Amino acid sequence: METSALARRLAARFVAGDTFADGLEAGRRINRENIAVTFDRLGESVTSLAEAEAARDEYLRVIEEISHHHVDANVSIKLTQFGMDISETACRANVEQLVRRARDRNGFVRIDMESSEYTERTLRMVNDLHAQYETVGTVIQAYLRRSEKDIETLCRQGIRVRLCKGAYLEPAEVAFQAKSDVDRNFVHLMRILLAAGTYPAIATHDEKIIQTAKDFAGARNLSRDSFEFQMLYGIRRDLQRRLVAEGYRLRLYVPFGKAWYPYFMRRLAERPANVLFLARHLLRG
Ligand code: FDA
C-alpha cells in the first residue's frame, strides 16, 4: 500500500504535502477563507529517542513559523511521536518544550488522543503541563465509556477539550461499539462541554450533530466565538464553507509530512466506500 502510486494519490486528498512549506501554503489558503488551522506533522509511534527529538525540533520550527508568518494556526501532536512508548519522562520533557514555546509565541498545543492504552497517561500529562502552562489542551473520544468522567474533570480544571468520535479499533469493555451509541454519547458530552467547557472544539463532519450543536448554543445564547467547530482537511468542503458563511468559527486539521500511512488508514476505515475504491484499483493494477 505504501508504495502504491494510487494510494499516495488518494492520501493526497487528506494530506497537504510532504513538507511544512506545503502545510504552510495550505494553511494560508485556508486562512483566506476565514478558517483557522491546526497543523499535524505526521508521524507516530517512534522507536528511538533520536526520532522523538527530531519531531520535537520540527514542531518547534512549526510554532516559530506560525508566529513569524502570522498564520491563524496552532499545532496538534501525538505523544507516541515524542517517545511515550520509550520513556514517559523523555516524552514529557519534549512536549514541555513545545508547550513553553507555544506560550512564548502566543500559540497553543493540542495533544491528540491515540488508542485507549494511552488515555490515562495522556490525561495525566496534559493535567500536569496545564498546571504550569495554559497553552495546552487535549482531545476526548465519545466512543470511550470513561469519557463523561474525563470531560467533567477537564471542565473543572478549565482545560480546553476537542471532542471527536474516536478513530481507533477498541474493545467493547472500553468503547461503545454501535455507531448510534457513539453518536448519542457525542451529543451528551457535547452539551456538557458547550455548557461548562473552556472554549470547546466540536470536531465532526456529522451534519445532524453539528445542527444539534448550533441549536443548543442558540437556545443558551452562547456567543459564536465561545466555541469552535473542527474538521479534517479534505473532508466536507461544502459543510466547511456553509458554517463559516453562517458566522461560526471553524478550524481545519491539516496534516503534512511523509509518514501518511497510519493517518490515511484511519481515514479509509471511516469510509468503507474509500476502501472498496482503493482495493478495486490495487487488484487491477
Ligand atoms: P462520521 O464518521 O459519522 O462521519 C460523518 C460524515 O462525515 C460522513 O457521512 C461523511 O460525509 C464524512 N466523513 C467522515 N469521515 C470521512 C472520511 N474519512 N472520508 C470521507 N468522508 C468522511 N480521532 C481520535 O481518535 N483522536 C484524535 O485526536 C482525533 N482528532 C481529530 C481532530 C479533528 C479536527 C477531527 C475532525 C477528527 C479527529 N479525530 C480524532 C477523528 C474522529 O475521531 C473521527 O474518526 C472522524 O472525525 C470521523 O467521524 P465524524 O465525526 O466525522 O463522523
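What you see below is based on every heavy atom in this structure, not just the backbone, and it leaves out hydrogens, waters and symmetry mates. This is a predicted model, so every value here is computed, not measured. Counting starts at 1 for both ligands and their atoms, following the listed order.
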**Prompt:** Between Glu270 and Arg267, does at least one N-O distance fall below 4.0 Å, as a salt bridge requires?
**Reply:** yes

For the residue pair His69 / Glu65, report whether a side-chain donor-acceptor contact shorter than 3.5 Å exists.
yes

Inset, instruction - Mind telling me whether Phe39 and Phe256 have parallel, tilted or perpendicular rings, with 30° and 60° as the class edges? - result: perpendicular

Check each N or O atom of ligand 1 against all protein N or O atoms and list the pairs under 3.5 Å, with atom names and distances to 0.1 Å, one per line.
unit_1   : atom_1 : unit_2 : atom_2 : d
ligand 1 : 3 (O)  : Lys165 : NZ     : 2.7
ligand 1 : 3 (O)  : Lys179 : NZ     : 2.6
ligand 1 : 15 (N) : Glu270 : OE1    : 3.4
ligand 1 : 18 (N) : Arg267 : O      : 2.8
ligand 1 : 18 (N) : Glu270 : OE1    : 2.8
ligand 1 : 21 (N) : Arg271 : NH1    : 3.0
ligand 1 : 25 (O) : Gln141 : NE2    : 2.8
ligand 1 : 25 (O) : Ala167 : N      : 3.0
ligand 1 : 26 (N) : Met113 : O      : 2.8
ligand 1 : 28 (O) : Met113 : N      : 3.0
ligand 1 : 30 (N) : Arg162 : NH1    : 3.2
ligand 1 : 43 (O) : Gly166 : N      : 2.6
ligand 1 : 45 (O) : Glu270 : OE2    : 2.6
ligand 1 : 51 (O) : Thr204 : OG1    : 2.6
ligand 1 : 52 (O) : His205 : N      : 3.0
ligand 1 : 52 (O) : His205 : ND1    : 2.6
ligand 1 : 53 (O) : Lys165 : NZ     : 3.1

| field | Parallel, tilted or perpendicular: rings of Phe264 and Phe14 (30°, 60°) | value | tilted

Margin query: Under the criterion side chain to side chain contact (heavy atoms under 4.5 Å, CB included), I'd like the reasoning laid out for Arg184 against Phe176: C-alpha separation, chi angles, the key distance, then a yes or no.
Written below: CA-CA 10 Å; Arg184 195 174 315 114; Phe176 299 109; over 6 Å; no

Applying side chain to side chain donor-acceptor pair (under 3.5 Å) to Arg242 and not counting sequence neighbours gives Glu207

